[in-house]
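What follows is one structure encoded as structure tokens, with my remarks underneath.
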Amino acid sequence: MDLSVDVLIVGAGPTGLFGAYYAGFRGLSTALVDSLPEAGGQVTAMYPEKMIYDVGGFPAVRGRDLVKGLVEQAAPFEPRYLLGRKAEELRRGDDRLDVVLDGGDVVHARAMLITAGIGEFTPRPLPAAEGWLGRGVVHFVPALDVHAGQDVVVVGGGDSAFDWALALHPLAASVTLVHRRSKFRAAESIVAQARRNGTRIITDAEVTELRPGPGGVLAEVEVRVKGEETIVLPAQAVVAALGFTADLGPIENWGLDVHQRAIQVDSTMATGVDRVFAAGDVAAYPGKVKLIATGFGEAATAVNNIAVALDPGAHLFPGHSSNA
Ligand SMILES: Cc1cc2nc3c(=O)[nH]c(=O)nc-3n(C[C@H](O)[C@H](O)[C@H](O)COP(=O)(O)OP(=O)(O)OC[C@H]3O[C@@H](n4cnc5c(N)ncnc54)[C@H](O)[C@@H]3O)c2cc1C
């Protein structure tokens with residue numbers, strides 16, 4: 001891959017996606033790199049089915065729909081998506097930045113916008129599911145309809161586990177939630193909702209084995225319940241919703257001012273490293289509030305300042321999109 005763009009955006013969460021729109025609006029070409037297989041950052045990975053109530057202009061918007069809208073908004077400017085790829089190394093030249101991705105591909109950029117949020121997510125593994133990832137086991141559900149008519153076992157006791165169980169309930173043949181403790185970390189209201197809709201909930205229980213059926217595809221899940229006999233559940237899918245760990249990882253080695261897993265920026269969203277800007281959850285300054293709404297504003301500020309950094313003759317104010 002030989003790719004040169006004006007702006008490389010590291011992180012395709014809501015902030016990076018809006019940054020891609022804004023860069024396009026400013027006439028800058030972009031690529032977005034994200035280690036997740038889908039765009040949308042925390043929203044896609046952790047709460048795509050939840051309603052969000054504090055994004056301007058949307059009294060209520062489902063996470064999945066907000067991400068879809070952001071992707072659509074950027075689409076006319078044809079950003080290049082490099083999904084399932086991790087930005088590992090930053091090399092600084094005189095007038096360009098080279099960003100090395102996992103696997104060794106290099107993206108050449110005139111400027112960079114880091115919108116890496118809380119970093120790269122690594123799902124907590126389900127030990128019994130080792131070797132089953134992508135063969136019936138997922139950590140999050142990119143498309144619900146894939147599970148229509150399936151027996152699904154959701155493992156976990158937090159908000160995400162219950163969110164998936166509730167979202168899958170109307171279309172799956174059966175949904176069983178297995179949690180290794182008797183108490184849940186999830187909000188009481190969604191636990192109550194799952195109980196009301198008849199989701200089978202097995203507590204004090206651990207998934208001990210996944211078993212294939214004919215053709216080697218996932219067919220059954222063995223669950224050991226404390227003090228009771230082992231249960232075998234039919235399952236064509238397992239959602240291992242045990243949470244994620246997040247880590248800025250390689251970005252910490254890029255010569256930026258990083259404190260408590262956030263990059264210090266000034267009021268233009270500049271990081272202090274020439275032509276490297278940051279916005280969204282990853283960017284820190286006094287009074288910072290980590291919200292989607294603030295990420296949007298910061299992305300616009302960052303990109304307009306990038307436009308001037310790349311062309312000192314350019315106006316900082318972009319003009320009104322309504323006049324475009
Ligand atoms: C359960 C939950 C509910 C929430 N509800 C709300 C709400 O109602 N309203 C609200 O405003 N906010 C809410 N938030 C917070 C909101 O989701 C975040 O503020 C928002 O996602 C930040 O967006 P971002 O684009 O800055 O970062 P993120 O969404 O974190 O996206 C960053 C992306 O960068 C990628 N990345 C990181 N490092 C690399 C690398 N080296 N290479 C490649 N990719 C990389 C990650 O994979 C990730 O996809 C909620 C968060 C959670 C967890």
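Numbering of ligands and ligand atoms starts at 1, following listing order. When reading the values below, keep in mind they use all heavy atoms of this one structure, side chains included, and skip hydrogens, waters and symmetry mates.
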Spell out, as yes or no, whether a donor-acceptor pair under 3.5 Å connects the side chain of Ser29 to the backbone of Asp6. yes
Expected output: side-chain Gln150 to main-chain Ala172 donor-acceptor under 3.5 Å: no
Go ahead and list the nitrogen or oxygen contacts between ligand 1 and the protein that come in under 3.5 Å, distances to 0.1 Å, or just say none.
from	atom 1	to	atom 2	distance (Å)
ligand 1	9 (N)	Asp54	OD1	2.8
ligand 1	9 (N)	Asp54	OD2	3.4
ligand 1	11 (O)	Ile292	N	2.9
ligand 1	14 (N)	Tyr47	OH	3.2
ligand 1	17 (O)	Tyr47	OH	2.5
ligand 1	19 (O)	Asp281	OD1	2.9
ligand 1	19 (O)	Asp281	OD2	3.2
ligand 1	25 (O)	Pro14	N	3.3
ligand 1	25 (O)	Thr15	N	3.0
ligand 1	25 (O)	Thr15	OG1	3.2
ligand 1	26 (O)	Thr15	OG1	2.9
ligand 1	26 (O)	Asp281	N	3.0
ligand 1	29 (O)	Gln42	N	2.9
ligand 1	30 (O)	Gln42	NE2	2.8
ligand 1	41 (N)	Ala87	O	3.1
ligand 1	42 (N)	Ala87	N	2.9
ligand 1	44 (N)	Ser35	N	3.1
ligand 1	47 (O)	Asp34	OD1	2.7
ligand 1	47 (O)	Ser35	OG	3.3
ligand 1	49 (O)	Asp34	OD1	3.1
ligand 1	49 (O)	Asp34	OD2	2.6

List for me each residue that meets side chain to side chain contact (heavy atoms under 4.5 Å, CB included) alongside Pro79, sequence neighbours excluded, and say none if there are none. Ala20, Thr30, Leu32, Ala74, Tyr81
With sequence neighbours left out, write down each residue that passes ring-ring contact (aromatic ring centres under 6.0 Å, His included) with Phe162, or none if nothing qualifies. Phe184
Is there side-chain contact between Arg80 and Val5, with heavy atoms separated by less than 4.5 Å? no
Which residue pairs pass the salt bridge (charged side-chain N to carboxylate O under 4.0 Å, His left out) test with at least one member in residues 36-48, sequence neighbours excluded? none
